[in-house]
Undergrad: 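The structure's right below; bear with me while I get my questions together.
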Amino acid sequence: MSTDAIVLLKQDHTEVKRLFREFQRAGENAHVQKGKLVNQILEALTVHTYLENECVYPEVRKLLPDLEDDVLESYEEHHVADVLCAELALMKPADERFDAKTTVLMEVVTHHIEEEESEWFPKVRAGLGRKQLQDMGARMLEMRAKAPRKPTQPSALKKAVDAVVA
Ligand SMILES: [Fe+2]
Ligand SMILES: [Fe+2]
C-alpha cells in the first residue's frame with residue numbers, strides 16, 4: 001500500500017468534501033442528522049489539520065524553503081477554520097447560526113482544499129522525491145493514532161495559540 005503523503009492528504013480531502021455534500025443535502029429541520037454530520041466534519045478536520053500542522057507543513061517548510069509563504073498562508077487559513085470549528089463544537093443544530101456557521105466553514109475549507117490540490121501539492125511533488133513523500137506519509141499514519149479528534153482537545157487548541165504568539 002502506498003503511503004505517499006499527498007495521496008493520503010487527498011483521501012482526507014475527499015472524505016471531508018463528501019461530508020460537506022451530505023450536510024448540504026440534509027433538510028432544513030434535519031437537526032439530528034446535521035448534528036451528527038457536523039461532529040464527523042469537526043473530527044475529520046481536527047485530525048487532518050493536526051497532521052498538516054505538525055508533520056507536513058513543518059517538514060515541507062524545512063525541505064523546500066521557497067514554499068514558506070504558502071505554508072504561512074495555510075497556517076492562517078487553518079486558523080480561521082479552527083475558530084469556526086471550536087465555536088461549532090459548542091453549538092446545537094437548532095441554534096440560529098448553526099447552519100450559517102457550518103456553511104462558512106465549508107466555504108473556507110473548500111477554498112483551502114482547492115488551493116492545496118491545484119497549486120501547492122504539485123509544487124511539493126515536484127520538489128520532493130517519491131521516497132521522501134512515502135516516508136512523510138508513514139509518519140502521518142503513525143501520528144494519526146495520537147491525533148486530537150475534537151477541536152476542544154488541548155493538542156488541537158495549541159495551534160490556535162501558536163497562530164497569534166509563535
Ligand atoms: Fe491544509
Ligand atoms: Fe489539506
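Atoms within each ligand, like the ligands themselves, are counted from 1 in listed order.
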Undergrad: Determine which of the N, O or S atoms in H13 is closest to the Fe ion (ligand 2) and give its atom name.
TA: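 The Fe ion (ligand 2) is closest to the H13 atom NE2, counting only N, O or S.
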Undergrad: K101 and salt bridge (Lys or Arg N to Asp or Glu O under 4.0 Å): which partner among E96, E87, E107?
TA: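 With K101 as partner, salt bridge (Lys or Arg N to Asp or Glu O under 4.0 Å) holds for just one option, E87.
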Undergrad: Are the side chain of K34 and the backbone of E28 linked by a donor-acceptor contact shorter than 3.5 Å?
TA: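 Yes; judged by distance alone, with no hydrogens or angles, the pair exists.
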Undergrad: Which class fits the ring pair Y57 and W120: parallel under 30°, tilted 30 to 60°, perpendicular over 60°?
TA: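 Y57 vs W120 ring planes: perpendicular.
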Undergrad: Could you check whether atom CZ of R125 has more than 12 heavy atoms from other residues, nucleotides or ligands sitting under 6.0 Å from it?
TA: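 Yes - once you tally the heavy atoms of other residues, nucleotides and ligands closer than 6.0 Å, there are more than 12.
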Undergrad: Below 4.0 angstrom, N of the basic side chain to O of the carboxylate: do E59 and R139 qualify?
TA: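 A salt bridge links E59 with R139.
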Undergrad: Return all protein N, O or S atoms below 2.8 Å from the Fe ion (ligand 1), chain by chain in residue order.
TA: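 Near the Fe ion (ligand 1), the protein supplies E52 OE1, Y57 OH, H78 NE2, H112 NE2, E116 OE2.
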Undergrad: Roughly how far apart are K36 NZ and E22 CD, rounded to 0.5 Å?
TA: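 Going from the NZ atom of K36 to the CD atom of E22 covers 10.0 Å.
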